[in-house]
Amino acid sequence: MWQYILKRLFLMIPTLLGAAILIFFLLRLIPGDVCEIKLAGAGLYVDQEQIDICRKDLGLDKPMLVQFWNFFFGFLTFDLGKSMWTGKEITFELGLRFELSLQVAIMATLTAILIAIPLGTISAVKQNTWIDYFVRAFSIAGIAIPSFWLGIMIILGLLISTQALFGTPWMPPIEYVPIWEDPLANLSQLIWPAVATGYRYSAVATRMTRSALLEVLREDYIRTARAKGLMEKLIINRHALKNSMLPVVTVIGIEFAFLMGGLVVTEQVFNLNGLGKLFVESVLNQDFALTQALVMVVVSVFIFTNFVVDILYAWLDPRIRYA
Amino acid sequence: MKFPSLKFAVPLAAGLALSFTMADTAQAQKIKRGGILNFVVGSKIPSYDGHIEGTFGMIHPIRPFYSTLIRVNPDNPQSPTDFICDLCEGGVPKGDDGFTKYVFKIRKNVKFHDGTPLTADDITATYKKIIFPPEGIASARKAFFKMVDSVESTGKYEVTFKLKFPSGSFIPSVAMPFNFVYSKKDLDEKGYTWHKTNINGTGAFRFVQHQPGSFVEGKRYENYHIKGKPYLDGFKAISAPKMALRLQAIRGDRAAIEFRGFPPKARDDLVKALGDKITVQESDWNCALYVTPNQRRKPFDDARVRKALSLALDRWGGSKYLSKIAIVKTVGGVVFPNHPLAATREELLKLTGYGTDVAANRKEAKRLLKEAGAENLKMVFNNRGVDQPYKVVGTWLIDQWKQIGVEAEQQVNPSPVFYAKLRKKSDFDVSIDFNCQSVVNPIADVTKFLGSAGNNYGGYKDEVLEKIYDRLLRAGTEKEQRVIMREFETRAISDQVHMIPTLWWYKINPHRSYVKGWKIAPSHYLNQALDQVWLDK
């Protein structure tokens, strides 16, 4: 098992290097300049001298390879540099948002798991009954409805219903408070995006659970278990469900990593100051330093999540680690 | 204080603010102290340094921490010529030696938030940084002070500006809200870039914290130099990039106000949902969208083609309909419509593309295109990916040009790409462009139309226009300025049509009715010190 883990760890290095090269050079292909946007974005008169001063301050006047080395060496030594837009340390910028994104990702994942596994299991066990049809319709709706639209509907619904009920419209807070400072304010802000994204996430996982379980339920060893006279509940829980979890774990892992940086629109709908919103802002501002750092963080999250999924695979199916 | 060359402006401007505000009533009410003002801001803070930034994303949350030498009168912000002292005292100087010397007396009771007393040296150091920055130090507003020869402390509490020539744009330039006064000690000891990431001002509020992407928090400065102010205990400027969210935030009372402005539909929705809990203030806005033809490319180097593009626009009709869906409204020329130097309706009607007979205009446009050999013209129109008002106005322009047989393909680009095409690469046929200024300062603002200006992207040289501007810059009386301004306007947008004005913006600020003391200004950069704002809760 340790050999397996070490092998997986070493594979991370070329992936990170490849991602660093790609993001560094691709970003520089996009037209635009952070200094132009900062200084002339409001329609001000800006002469070239001012632009040159700004570019020099940001190190954009240095040769491309020097810039790349500074970036990659900085990443390896955990010195991500400063945001070209705000001038603040990138670790500070990321730290502010990471906590929120992580909490939303965890809450959405929990929501998804709590919905997907029971519904997927029931749907498979009760295949082609009205329960199955209902669960399938519910999950297809989850895939079809974009989570940002659901988010907008949730906010509007809250505003309209609270005004109708109490005379004063209420909406979730629009600024983040850490959970240990004010749990109520924290949850009243984050529960809604967690539900909006968790629903879509659960829809995918429900369908995956159902199809994987249906496949397992047709296996010989399940038939054998039934022939032995084992209780159906025991067959499902102990023999079928665990063996059908491999694809479900993959989906949950990928979705979790996606939630860490990919909630671009949902974060804007709920005004969440998360990594997704920061991503969009950094790209729009041509803040190369921040975009590069963000990509590397998200790549690291994906790699780490995949690593955890691989370990889980090995735990769920011992054949994998011996292969 | 009324600037001498524009003194007849005040009564005119005072009547022009379209407002169904309760601000006047508020003055009569007893002012209540305390409370935190929550407001939403739709843009980001690049840095805290007002001297290098130009976005309202910085002004709205950071301006309350700083004072300026003079400012637009917060009780009469609609007037483009009513300036009052902020850190100076005894009134804004009227100018000596033929308007080439301005002596400011500085308040003696002012302290920076770190406790350092303010003296004339702080003002001098600040303006030297803005006007004569050392090599390698950026200053976004250096060009506004081309007329300044020197700025010196002529006493512990006296600052003297000497001008190379008299200029009507000097005082408005000093009043710009970006001219934060910094401590000389900070500049000397911590350097000229320290203020990008640090705050130490003399404003009505002290800096508490900034969570990038989330909010900026300020609390009342007890030693503020205007006695009895500010009324608020503090404020929180909450970052909210999405307009829909900002709107809902006011509806759900997570924020009381947004200072930039909403489109008409948003105003109507809020009023419908909340009735008298919402107050609406409206005003003409010192921003305008222009179409810039790229004169480096054919056939846009031909004035007949540019004239045709302008003649195609039904500006008066557009005003009527676009103002229902977008933040544009007023038909105007090169000068902010409510300013005394602006063209009257009669004067506008004489300009190319401003006549009310749209059919005749378009017939003439088609003739000009044919004459220039540009019939069935096809062009790419570079637009900015911002809904209000860029995309709305862009769609209108496409339709208007279609009426004269011009087929324009609209390319809506995100800001970085838009700027790269417009400014760096000059890679466009025609492009939207804008001029959005703070203090209404027509003599400075119209430099946008000069081919030599750094923020003009048309790629033309017009010596005649440059000479007219030179005369305008040195014109001493408002009568003279007005005559030359008409000459400038006719040359820039009627005879040569270097740029094609669309409509001036229209500012709509619906806010919670408990917000009192804030009066709408003709710019979203103005009246943001927040020292006069109070909450009727």
Side-chain angles (χ1 to χ4, degrees), chain A residues 30-51 53-54 56-57 82-88 92-93 96-97 100 152 155-156 158-160 162-163 168-176 265 268-271 273-274 277-278 280-281 283-286, chain B residues 40 44-47 52-56 135-144 193 196-197 211-215 236 238-242 244-245 248-249 251-255 273-274 287 413-421 423-425 427 433-437 447-448 453-455 525:
Chain A
I30 302 171
D33 185 328
V34 62
C35 291
E36 296 264 353
I37 300 164
K38 269 181 93 166
L39 301 175
L44 279 176
Y45 164 79
V46 186
D47 56 33
Q48 194 55 41
E49 185 198 346
Q50 309 286 316
I51 301 279
I53 291 171
C54 170
K56 195 179 170 193
D57 284 350
K82 289 182 178 176
S83 160
M84 291 176 167
W85 186 258
T86 64
K88 291 186 187 294
F92 169 74
E93 297 272 0
L96 273 178
R97 278 96 172 176
L100 182 145
I152 293 169
I155 292 178
L156 280 176
L158 285 169
L159 282 165
I160 293 166
T162 49
Q163 186 166 16
T168 311
W170 182 90
M171 72 178 284
I174 53 171
E175 49 189 303
Y176 175 66
V265 188
Q268 304 224 18
V269 167
F270 289 98
N271 206 42
N273 192 27
K277 191 174 145 202
L278 186 65
V280 177
E281 285 175 1
V283 171
L284 288 177
N285 296 336
Q286 297 263 299
Chain B
V40 269
K44 297 145 287 185
I45 305 175
S47 86
I52 61 169
E53 304 302 345
T55 167
F56 70 93
E135 203 184 328
I137 297 297
S139 170
R141 269 153 284 274
K142 191 169 82 169
F144 285 87
T193 55
K196 283 184 184 178
T197 48
Q211 290 213 0
S214 190
F215 63 85
K236 199 176 240 188
I238 303 163
S239 172
K242 283 279 159 204
L245 194 281
Q248 306 307 357
R251 187 171 171 183
D253 208 11
R254 293 289 173 189
L274 295 173
C287 292
N413 292 305
S415 294
V417 181
F418 169 77
Y419 280 118
K421 279 176 173 278
R423 194 186 146 90
K424 209 171 180 178
K425 297 182 176 174
D427 179 21
D433 192 7
F434 63 100
N435 200 13
C436 213
Q437 301 295 339
T447 54
K448 173 84 181 164
N455 61 345
Y525 301 112

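Residue numbering restarts at 1 for every chain, and letters A, B, ... go by the order of the sequence lines. Predicted, not measured: the structure shown is a model, and the values here were computed from it.
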Interchain contact, B:Lys421 with chain A, by part (heavy-atom threshold 4.5 Å):
neither
Checking B:Ile238 against chain A: side chain, backbone, both or neither under 4.5 Å from a heavy atom?
side chain
Sort out for me which of [options] touches chain A most, counting heavy-atom pairs under 4.5 Å.
| options | result |
| --- | --- |
| B:Lys236, B:Lys142, B:Gln248, B:Lys196 | B:Gln248 |
| B:Ala273, B:Gly136, B:Ala255 | B:Gly136 |
| B:Pro414, B:Ser239, B:Ser47 | B:Ser239 |
| B:Ser214, B:Ala244, B:Cys287, B:Pro212 | B:Pro212 |
| B:Gly252, B:Ser139, B:Gly213, B:Ala420 | B:Gly213 |

Quick check on [X] against chain B: is it the side chain, the backbone, both or neither that has a heavy atom closer than 4.5 Å?
| X | result |
| --- | --- |
| A:Leu278 | neither |
| A:Leu284 | both |
| A:Lys56 | neither |
| A:Pro173 | both |
| A:Val280 | neither |
| A:Val34 | neither |

How long is the span from the [atom1] atom in [X] to the [atom2] atom in [Y], to the nearest 0.5 Å?
| X | Y | atom1 | atom2 | answer |
| --- | --- | --- | --- | --- |
| A:Leu158 | A:Trp170 | CG | CH2 | 6.0 Å |
| A:Phe92 | B:Gln211 | CZ | CD | 7.0 Å |
| A:Met171 | B:Arg254 | CE | CZ | 7.5 Å |

Heavy-atom pair count under 4.5 Å with chain B, highest-scoring of A:Ile152, A:Asn285, A:Thr168
A:Asn285
Greatest number of non-hydrogen atom pairs under 4.5 angstrom with chain B, of A:Glu175, A:Gln163, A:Gln286, A:Glu93, falls to A:Glu175
Is a side-chain donor or acceptor of A:Lys277 paired with a backbone partner of A:Asn271 at a separation under 3.5 angstrom?
no
Under 3.5 Å donor-acceptor, B:Arg141 side chain and B:Glu53 backbone:
yes
For a 4.5 angstrom cut-off between non-hydrogen side-chain atoms, does A:Ile37 reach A:Trp85?
yes
State, yes or no, whether a side-chain contact exists between A:Ile53 and B:Ile137 at a heavy-atom distance under 4.5 Å.
no
Salt bridge B:Arg423-A:Asp33, side-chain N to carboxylate O under 4.0 Å
no
Ion pair present between A:Glu281 and B:Lys44, side-chain N to carboxylate O less than 4.0 angstrom?
no
Return the minimal non-hydrogen interatomic distance between B:Leu245 and B:Ala240, and the atom names on each side.
CD1-CB, 3.9 Å
